[in-house]
Amino acid sequence: MLNYIDLHTHSTASDGIYAPAELLQRAKDIGLRIVALTDHDSTGGLQEAVQEAGKLDIDLIPGIEINTDVAGGEVHVLGYFLEYERPAFQDVLKVLRDARVRRGQRMVELLNEQGIAVSWERVREIARGSVGRPHVARALMEAGYVQSIGEAFDKYIGKGCYAYVPRYKLTPVDAVHFIASANGLPVIAHPLELPGLEELRNWLPELCDAGMVGLETYYGPYTDEEVQVLRALAETYHLISTGGSDFHGPGIHPTPLGGRHVPFEAVERLKAGAAKRHGKTPPSFELPPPVEEK
Ligand SMILES: [Zn+2]
Ligand SMILES: [Zn+2]
């Protein structure tokens, strides 16, 4: 069976390999007709994607994937049919992106603005993975600005210092509310990657109360048995069963672009939900205060 829908893809606007236009060209080449671009914490690729999709006669669904923190792990929440240009939504997104995705980079920018010569490349080399404040501190030490990690925190990157960038934590419920603030439809991404199916069962009532509308049932590598369990759960809670490949680029995830069959019903139901919301004043969203740290 030839697939023509993929509701979970990433571009260079987050950690994907292909620029949005290139991603869509590839989608076209393999016969996809409906594609959602769902970059992590960013809608930066959507304008290009919408334009390219128009040229290629692909139905582009503007989406996002928001990372949230729970005890023992992370839960990702997808948002579909976002009115992503809403200024209030973009303002929050920028704060989140600076504070989470670009936190290390933002600290280096602030240091550079004050004439402190540490480079982002060097900080990344030191970190060899996700960048945290200790890596920036080590770069400051290496460059001779401070004698110790502690001094770097006291002088430059600790709370209250000019290169301090606060850290925010969102709960899955926060993410649901945030997506609703752009009239989008929130869906739990890859539900079996959560701290567990039991946890999911425990959380579903609260998440549904908050406004969750879907469950990513047809996810990349899930087996038929897993899909069946999730479909039953989705039906119990009247959630839309969505799906997609979670494509980032060749060889990064096991499933290729368009490599998962997603029923058209998922798109129909999402569209119907979006039609009810769009054009209306969305509920406002207030970012919870940053996490307390030194
Ligand atoms: Zn994810
Ligand atoms: Zn993803």
Side-chain angles (χ1 to χ4, degrees), residues 7-8 36 38 40-41 61 63-84 86 88-89 92-93 95-97 99-101 166-220 222 226-244 246 265-266 269-274 276-278 280-292:
L7 301 182
H8 192 158
T38 53
H40 297 284
D41 296 311
I61 299 174
I64 197 163
E65 183 170 20
I66 305 282
N67 293 29
T68 72
D69 296 286
V70 295
E74 274 191 4
V75 170
H76 296 178
V77 182
L78 294 157
Y80 290 113
F81 287 105
L82 297 170
E83 290 176 338
Y84 63 94
R86 288 185 175 274
F89 180 74
V92 174
L93 211 49
V95 173
L96 282 179
R97 212 164 40 237
R100 300 162 82 205
V101 182
R167 197 158 70 91
Y168 291 88
K169 271 190 177 177
L170 290 187
T171 66
V173 168
D174 291 332
V176 169
H177 291 154
F178 178 45
I179 288 163
S181 78
N183 279 336
L185 292 119
V187 170
I188 305 173
H190 37 75
L192 297 177
E193 321 303 301
L194 297 160
L197 191 59
E198 276 319 298
E199 291 288 350
L200 177 63
R201 285 184 208 276
N202 293 337
W203 291 334
L204 272 176
E206 190 193 355
L207 288 172
C208 292
D209 274 353
M212 190 70 81
V213 306
L215 199 60
E216 196 179 35
T217 299
Y218 307 95
Y219 178 69
Y222 290 176
E226 288 170 330
V227 165
Q228 243 159 42
V229 169
L230 291 173
R231 237 175 50 192
L233 209 53
E235 271 161 32
T236 305
Y237 286 93
H238 308 288
L239 293 168
I240 305 167
S241 276
T242 71
D246 206 358
E265 190 201 357
R269 289 179 67 187
L270 287 173
K271 258 192 185 155
K276 282 188 203 148
R277 299 177 186 209
H278 282 183
K280 295 193 178 140
T281 306
S284 60
F285 173 74
E286 199 143 334
L287 194 60
V291 180
E292 272 305 318

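It should be emphasised that the depicted structure is a prediction, and the values quoted were computed from it without experimental measurement.
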Report summary line: For A182, the side-chain contact (heavy atoms from CB on, under 4.5 Å) test, sequence neighbours excluded, returns L82, F89
Query raised in the report: Taking only residues two or more places apart in sequence or in another chain, which ones pass salt bridge (charged side-chain N to carboxylate O under 4.0 Å, His left out) with D174?
Result: none
Requested in this report: Please collect all side chain to side chain donor-acceptor pair (under 3.5 Å) contacts where either partner lies in residues 231-242, sequence neighbours excluded, each pair once.
Outcome: T217-S241
Report summary line: For E193, the side chain to side chain donor-acceptor pair (under 3.5 Å) test, sequence neighbours excluded, returns Y222
Query raised in the report: What residues, two or more places apart in sequence or in another chain, satisfy side chain to side chain donor-acceptor pair (under 3.5 Å) together with R277?
Result: none
Query - With sequence neighbours excluded, residues passing side-chain contact (heavy atoms from CB on, under 4.5 Å) with H177 - result: V173, A210, F285
**Report entry** By side chain to side chain donor-acceptor pair (under 3.5 Å) - contacts of D246 (at least two apart)
**Finding:** H8, H10, Y219
**Report entry** Atom of D41, atom of N67 and distance for their closest heavy-atom approach
**Finding:** OD1-N, 3.9 Å
Query - Residues forming a side chain to side chain donor-acceptor pair (under 3.5 Å) with K271, sequence neighbours excluded - result: D59
Report summary line: By salt bridge (charged side-chain N to carboxylate O under 4.0 Å, His left out), R167 pairs with (sequence neighbours left out) E293
Query raised in the report: For the atom pair CG (L170) and CG (D69), what is the distance rounded to the nearest 0.5 Å?
Result: 7.5 Å
Requested in this report: Quick one: closest heavy-atom pair of P283 and A180, and the distance?
Outcome: CD-O, 3.7 Å
Report task. Could you pull out the closest heavy-atom pair between A99 and P166, with the gap in Å? Result -> CB-O, 3.1 Å
Query raised in the report: Got a sec: does the CD of E74 have more than 12 other heavy atoms crowding it under 6.0 Å?
Result: yes
Query - Residues H76 and E65: side-chain donor-acceptor under 3.5 angstrom - result: yes
Query raised in the report: Which heavy atom in L192 sits nearest to a heavy atom in L197, and how many Å separate them?
Result: CD2-CD1, 3.7 Å
Requested in this report: Could you list the residues that satisfy salt bridge (charged side-chain N to carboxylate O under 4.0 Å, His left out) with E265, not counting sequence neighbours?
Outcome: R269
Query - Non-hydrogen side-chain atoms of I240 and L270 separated by less than 4.5 Å - result: yes
Report task. Spell out, as yes or no, whether a donor-acceptor pair under 3.5 Å connects the side chain of K276 to the backbone of A272. Result -> no
Query raised in the report: What distance separates I188 CD1 from L239 CG, expressed to the nearest 0.5 Å?
Result: 6.5 Å
Query - Nearest non-hydrogen partners of V176 and G211, listed with the distance - result: CG1-C, 3.7 Å
Query raised in the report: Does V213 reach the side chain of Y80, with side-chain heavy atoms less than 4.5 Å apart?
Result: no
Side-chain donor/acceptor pairs under 3.5 Å, residues 199-206, sequence neighbours excluded:
residue: N202; atom: ND2; partner: E198; partner atom: O; Å: 3.4

Query raised in the report: Under 3.5 Å, side chain of E216 to main-chain N/O of G243, donor-acceptor pair present?
Result: no
Query raised in the report: Measuring from L93:CG to I66:CD1, what's the distance to the nearest 0.5 Å?
Result: 6.0 Å
Report summary line: The ring-ring contact (aromatic ring centres under 6.0 Å, His included) partners of F81 (sequence neighbours excluded) come to none
Report summary line: Interatomic distance, NE2@H40 vs CG@L78, rounded to 0.5 Å, equals 9.5 Å
Query raised in the report: Can you find a heavy atom in the side chain of P191 that is under 4.5 Å from one in the side chain of L230?
Result: yes
Query raised in the report: How close do L287 and V95 get, heavy atom to heavy atom, and via which atoms?
Result: CD2-CG1, 3.6 Å
